[in-house]
Amino acid sequence: MKRTLNIDTLKKIGEDVILKGWVNSIRTHGKITFIDLRDETGITQIVLKEKLDLKPEYILEILGEVKERPDNMKNAEIITGSIEIKAKNIKVLSKAKTMPFPIDNDGYEINEKHRLEYRYIDLKRERLKKNLQKRFETIFLMRKILKEKGFTEIETPILTKSTPEGARDFVVPSRNFKGLFYALPQSPQQYKQLLISAGFEKYFQIARCLRDEDPRGDRQPEFTQLDLEMAFPESEKDIMDLIEEIYIKVVKELFKEKHITEIPFPKMTYKEALQKYGTDKPDLRKNKEDKNELAFWFITDFPMFEWKEEYKKWGAMHHPFTLPQEKNIEEIKKNPKNILAHQFDLVLNGFEIGGGSLRTHDVLMLKTCFEVMNHSEKETKEQFKHYFDAFEYGIPPHGGIASGLDRFFAVVFNENSIREVIAFPKTGDNKDLMLKAPDKISKEQLKELGLK
RNA sequence: GGACCCGUGGCGAAAUUGGUUAUCGUACCUCCCUGUCACGGAGGGGGCUGCCGGUUCGAGUCCGGUCGGGUCCGCCA
């Protein structure tokens with residue numbers, strides 16, 4: 001006989017079924033025992049007359065008959081509360097030790113170090129199950145929307161090259177070339193632009209990005225972005241319209257309890273945001289008490305350059321590939337401070353959930369931007385040869401956006417920390433408490449990598 | 001790199017101003033119970049109060065250090 005899911009027992013009253021699942025709870029009454037059996041579809045009550053040595057979280061296979069409960073014994077709280085299973089045979093598929101902490105609550109009050117060390121137990125929690133399930137449904141819907149719009153999802157490498165700009169790179173030593181290193185990608189930025197040059201006019205990827213910086217409640221060393229890029233946008237508005245459409249569809253289909261403050265998403269310049277709210281990611285909800293309000297906002301016209309006091313030089317506010325609004329090369333060199341870019345952020349309830357822009361596709365302009373940021377021509381050529389080469393072989397005007405999905409999920413799931421929307425997150429100093437990573441490697445490995 | 005908060009049985013909490021045998025809930029174990037669904041009832045075991053040192057007649061409580069976790073600043077093209 002094939003296994004029946006808990007939810008399907010409702011259709012099988014009077015029949016024998018085989019159920020498989022976890023013991024959620026046990027209630028014994030002398031000569032009668034009730035087991036709440038849990039599987040992914042819900043909980044079903046099992047009734048048995050014999051005494052068995054069972055404990056919570058044991059994994060069972062149960063042969064029994066589905067019986068409708070008398071009216072006064074029905075339980076509206078559980079999905080199969082109108083029936084129960086009269087057990088005929090129970091097989092223990094797996095025993096279980098007592099859990100290290102309770103799993104029948106939301107878990108917020110438990111010290112996170114315990115939750116992260118035993119994450120595979122923490123994930124039994126209903127709340128986290130729902131978060132991950134909904135996360136999947138959202139990403140699935142995003143893929144569907146983008147496919148319908150003619151986008152192609154393309155995987156880009158995880159082993160790549162360290163770049164001088166941006167965040168600290170995670171680095172991987174090369175075995176074949178001792179003393180040389182790969183870097184893990186901070187984003188697929190360069191790869192996706194090169195895909196555009198190859199003629200993939202609409203690219204996207206649910207992309208893992210890695211940055212070796214200190215985490216926060218809304219940051220992890222590795223995180224997931226909806227990364228997309230398109231050829232021939234008329235302006236950055238095309239990109240804003242697309243990401244707006246995606247988020248509106250996602251909210252309307254999957255987060256029906258939520259309401260969006262204003263559609264279309266309002267726009268505000270960077271300058272205005274700083275003047276009015278003192279931040280480039282203002283929380284513009286009308287009612288901050290309202291758990292279900294989603295205030296999406298575009299912050300536009302970011303400055304192209306930013307003075308980096310630490311290095312005493314200009315850096316890119318977003319990244320060096322952003323297209324300046326100023327077309328005059330001399331003006332850019334003279335007054336980097338005044339140059340705005342075709343760049344915008346998408347902000348949600350005070351969190352930056354995306355940054356997009358038109359990219360520079362003109363080689364001279366690109367060189368100018370690197371020059372302002374004080375990269376010598378030689379250095380630029382060394383670091384970005386492939387990039388400049390590709391541009392010289394021809395690349396259409398293009399632009400795109402990267403949207404941080406973890407932050408979006410944290411907001412729509414009403415979570416304070418993105419750790420609650422990631423299956424196996426890291427701690428505040430980038431450790432994996434469960435696997436105990438990072439960790440030492442053997443002398444043999446070190447030697448093989450030329451590190452000792 | 002910096003600032004702040006926290007650490008008490010498995011888990012969550014309590015313990016006047018430093019004062020006797022560290023308390024409670026839950027989980028766990030044993031027994032009783034044929035209708036519970038957070039079942040109920042009776043009993044029981046479990047702690048060098050993260051670790052090291054200091055102050056004191058006396059430290060869970062005060063001080064210093066250390067380890068672990070969290071929040072924020074820096075950082076995050």
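In what follows, chains are A, B, ... by sequence order, proteins preceding strands, each numbered from 1.
- Among the protein residues, Thr322(A) comes within range of no part of the nucleic acid, since none of its heavy atoms lies under 4.0 Å from any strand.
- Gly81(A) comes within contact range of no nucleotide atom at all, as no heavy-atom separation falls under 4.0 Å.
- Pair assignment for rC4(B) gives rG70(B), based on Watson-Crick or G-U wobble hydrogen-bonding distances that are each under 3.5 Å.
- Counting distance only, with no hydrogens placed and no angle test, the side-chain atoms of Arg419(A) and the base atoms of rG70(B) include no donor-acceptor pair under 3.5 Å.
- More than 12 heavy-atom neighbours from other residues, nucleotides or ligands sit within 6.0 angstrom of NZ on Lys267(A).
- Comparing the P positions of rU26(B) and rC39(B) gives an interatomic distance of 12 Å, to the nearest angstrom.
- Summarising the geometry, the separation between CD on Glu109(A) and P on rG7(B) is reported as 16 Å, rounded to the nearest angstrom.
- The gap from the P atom of rA22(B) to that of rG47(B) amounts to 12 Å, rounded to the nearest Å.
- The 12-atom threshold is not exceeded at NZ of Lys237(A), counting heavy atoms of other residues, nucleotides or ligands nearer than 6.0 Å.
- Separating the CD1 atom of Ile418(A) from the P atom of rU71(B) is a distance of 10 Å, rounded to the nearest angstrom.
- Summary of the strand contacts: Arg216(A) and Asp104(A) both lie near RNA chain B, and taking for each the nucleotide with the nearest heavy atom, the more 5' one is attributed to Asp104(A).
- Looking at heavy-atom distances under 4.0 Å, Glu77(A) makes no contact with the nucleic acid at all.
- The side chain of Asp429(A) lies closest to rG69(B), out of rG69(B), rC76(B), rG12(B).
- Taking atom P on both rG9(B) and rG1(B), the two are 31 Å apart, rounded to the nearest angstrom.
- Nucleotides of RNA chain B nearest to Lys431(A) and Pro215(A) differ in position, and the one nearer the 5' end is that of Lys431(A).
- When both pairing distances are held under 3.5 Å, rU26(B) makes a Watson-Crick or G-U pair with rG10(B).
- Side-chain atoms of Pro100(A) lie closest to rG10(B) of the nucleotides rG10(B), rG70(B), rC76(B).
- Ring orientation note: the planes of Phe384(A) and Phe388(A) are nearly perpendicular, at an angle over 60° on the 30°/60° scale.
- Rounded to the nearest Å, the gap between the P atom of rA42(B) and that of rC51(B) is 35 Å.
- Rounded to a whole Å, the NZ atom of Lys97(A) is 11 Å from the C1' atom of rG10(B).
- Geometrically, Arg125(A) does not engage Phe101(A) in a cation-pi contact defined by less than 6.0 Å to the ring centre and at most 45° from the axis.
- Here the separation of rG58(B) from rG2(B), taken at their C1' atoms, is 38 Å to the nearest Å.
- Atom C1' of rA27(B) sits at a distance of 25 Å from the matching atom of rU21(B), rounded to the whole Å.
- Across the protein-nucleic acid pair, Asp345(A) atom CG and rC76(B) atom P stand 15 Å apart, rounded to whole Å.
- Taking atom C1' on both rG50(B) and rU61(B), the two are 16 Å apart, rounded to the nearest angstrom.
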Phe151(A) and Tyr203(A): ring pair (Phe, Tyr, Trp, His ring centres under 6.0 Å), yes or no, with the steps? CA-CA 5 Å; Phe151(A) 280 77; Tyr203(A) 145 94; 8.6 Å; no
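- As judged by a 4.0 angstrom heavy-atom cut-off over every strand, Gly315(A) is placed among residues making no nucleic acid contact.
- Atom OH in Tyr118(A) sits about 14 Å away from atom P in rG69(B), given to the nearest Å.
- When rounded to the nearest whole Å, the span between CG of Asp122(A) and C1' of rG12(B) equals 15 Å.
- Other residues, nucleotides and ligands contribute at most 12 non-hydrogen atoms within 6.0 Å of the OH atom of Tyr393(A).
- In this pair, Phe302(A) and Tyr270(A) present their aromatic rings tilted. The plane angle is within the 30 to 60° band.
- Looking at residues two or more places apart in sequence or on another chain, you find a salt bridge (charged side-chain N to carboxylate O under 4.0 Å, His left out) between Lys333(A) and Glu371(A).
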Test salt bridge (charged side-chain N to carboxylate O under 4.0 Å, His left out) applied to Lys288(A) and Glu293(A), step by step: CA-CA 8 Å; Lys288(A) 297 209 172 52; Glu293(A) 182 176 1; over 6 Å; no
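- Looking at Arg211(A), its side chain has no donor and acceptor atom pair within 3.5 Å of the base of rC76(B).
- Across the protein-nucleic acid pair, Lys95(A) atom NZ and rC28(B) atom C1' stand 16 Å apart, rounded to whole Å.
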Each nucleotide of nucleotides 30-37 of chain B classed B (base within 4.0 Å of a protein heavy atom), S (only sugar-phosphate) or -, in 5' to 3' order, makes ---BBBBB
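- Rounded to whole Å, the P atom of rU36(B) lies 24 Å from the corresponding atom of rG43(B).
- Residue contacts shown for Ile43(A) are absent, as no nucleic acid heavy atom lies under 4.0 Å away.
- Heavy atoms of Met317(A) sit under 4.0 angstrom from primed sugar atoms or phosphate atoms, though from no base atom.
- The CG-P distance, from Leu116(A) to rC11(B), rounds to 14 Å in whole Å.
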